[in-house]
Protein chains: 2
Amino acid sequence: MPAPERTSLEAVVTAGRAVLEADGVAGLTMQAVAARVGVRAPSLYKRVADRDHLVRLVAAATVEALGERLAAVPDSGDAVRDLAALAGALRAFARSAPAGYGLIFVPGPAAARPDREALARASAPVLRVAAALAGPADALPAARTVTAWAHGFITMELAGAFALGGDVDEAFAFGVRRLAAALAGPDAGAGAGGVSRPR
Amino acid sequence: MPAPERTSLEAVVTAGRAVLEADGVAGLTMQAVAARVGVRAPSLYKRVADRDHLVRLVAAATVEALGERLAAVPDSGDAVRDLAALAGALRAFARSAPAGYGLIFVPGPAAARPDREALARASAPVLRVAAALAGPADALPAARTVTAWAHGFITMELAGAFALGGDVDEAFAFGVRRLAAALAGPDAGAGAGGVSRPR
DNA sequence: CGACGAAGGCTAACGACCGTAGCCTTGTCG
DNA sequence: CGACAAGGCTACGGTCGTTAGCCTTCGTCG
């Protein structure tokens, strides 16, 4: 290498995540990140195309971290229990890194999406449980249903949108319970193994 | 009145909504809004505290509009049908004003929330259907479950997060169907209001 | 009927931030 | 030992948000 690198892309992204959680998405400026890694703002452009690119990298890293958390949820064999565990893990993750979580599903050109690959990896455990509950035929829509519910719930909770009173934790548990029943239940394609693990 | 007003708060907010949908939240600048109502940027500060305030007003106006759309959904007496209609209306609204929709559930201090009142009004029809399906006792968590699901689904759809293939419309219908069954179904609190739909 | 004052608009200007241009430093390798 | 490429830096231009201070307009009241 020609000249000594005083930082690295990885360090920049890590710093970006830290700044993001500390000061929110508006505080995620080139200067703040640069300062944190010990260089001046313009130097970041040697590693990143522009601020938007940096934000996308931070979002991708967050998805990656989320995927690891979800993958770490043990497979108990009881699909209902696993569903609850996954939902809980997602919620815990969102609470531990709310600003980053808010970056995961941001509208925009598909090209700007965080790695398809990372996203697929993160959804794998959910797909597994969905398949166990609703049968392979309905696994995809079932996974989409639970994912949408969990994501929506978490977003609204973080936004403070549950303002009508009532116990929010209870509502979360209620949702998990009913969803599990709904997916395993009705005309459920291959209700077969259903709740307790088909294979 | 001392001097002739060349615009009004209402006009500013309306212009803000238009700019928002045209150029995205990043394009919602004081200058753009000012130009659209025919004044210079600094003049907006006579009606609005700062950009953040303007954004919140735009969000509130969007919630208001959403509430009207939901209230316009007819009450057929069949809770399952009504649930589908409400979900469909919400999705249609989000598609007609995606940028504005994205402003509704933004994390932040509760004080910054769009009018509690407007939000409550917008949720009224959902609460009604939820009560009919799950019984009065579980109405609130049931409403939260469907709202969270619908919101999450729409957000993910707008974000282009359903990248694993499959039919998204079908997944939406699947979700409505299963949720309706789940809320009406299991240990469902009270058959009280009940689902008029036999199975 | 004329002066006053308040509301509302405008220009000027500051500071924060993104992004570009161009230069300097520092290893590496022929 | 000297070229060169990568990486960092300073200087700068442009866009925005926001504030300060001035001017215009008119309803009001002496």
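So you know, we letter chains A, B, ... as the sequences are listed, proteins then strands, and number each from 1.
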For this session: From the options C:dG9, D:dG7, D:dT10, select the nucleotide whose nearest atom is closest to the side chain of A:E5.
Result: D:dG7
For this session: May I ask you to say whether B:D167 pairs ionically with A:R144, meaning some side-chain N is under 4.0 Å from a carboxylate O?
Result: no
For this session: Please determine if a side-chain N or O atom of B:R51 lies less than 4.0 Å away from the OP1 or OP2 oxygen of D:dC16.
Result: no
Exercise. Can you list, by residue number, the residues of residues 6-24 of chain A that have a non-hydrogen atom closer than 4.0 angstrom to DNA chain C?
Worked result: none
For this session: State, to 0.1 Å, how close A:V73 and A:A85 come at their nearest heavy-atom pair, and which atoms those are.
Result: CG1-CB, 3.7 Å
Seminar exercise, completed: With the side chain defined as heavy atoms from C-beta on, A:V39 is closest, among C:dG19, D:dG8, D:dT18, to D:dG8
Exercise. Nearest of C:dT11, C:dG19, C:dC17 to any side-chain atom of A:Q31?
Worked result: C:dC17
For this session: Give the rounded distance in Å between these two atoms: CG of A:L44 and P of D:dG7.
Result: 13 Å
For this session: Flag yes if more than 12 heavy atoms outside B:R81 fall under 6.0 Å of its CZ atom; otherwise flag no.
Result: no
Problem set entry | Candidate nucleotides C:dC18, C:dG9, D:dT18, ranked by approach to the side chain of A:M30 - the nearest | C:dC18
Exercise. Do the side-chain N and O atoms of B:Y101 and B:H151 include a donor-acceptor pair separated by under 3.5 angstrom?
Worked result: yes
For this session: Ignoring the backbone of A:Y45, work out which of C:dT20, D:dC26, C:dC17 is nearest its side chain.
Result: C:dT20
Exercise. Quick one: which of D:dG17, C:dG8, D:dG7 gets closest to the side chain of B:K46?
Worked result: C:dG8
Problem set entry | Spacing of CG belonging to B:L57 relative to CZ belonging to B:R47, to within rounding of 0.5 Å | 12.5 Å
Exercise. D:dC9 phosphate, OP1 or OP2: any side-chain N/O from A:S43 under 4.0 angstrom?
Worked result: yes
For this session: Round to a whole Å and report the spacing from CZ of A:R40 to P of C:dC17.
Result: 14 Å
For this session: Return the nearest nucleotide to the side chain of A:R47; candidates are D:dG7, C:dC10, C:dG8.
Result: D:dG7
Exercise. Quick one: which of D:dT10, D:dT18, C:dC17 gets closest to the side chain of A:P42?
Worked result: D:dT10
For this session: Looking at every strand, decide which applies to A:T29 at a 4.0 Å heavy-atom threshold: base, sugar-phosphate, or nothing.
Result: sugar-phosphate
Problem set entry | Reference residue A:V129; test side chain to side chain contact (heavy atoms under 4.5 Å, CB included); the match among A:L83, A:D78, A:D75 | A:L83
Problem set entry | B:R121 bridged to B:E68 by N-O distance under 4.0 Å | no
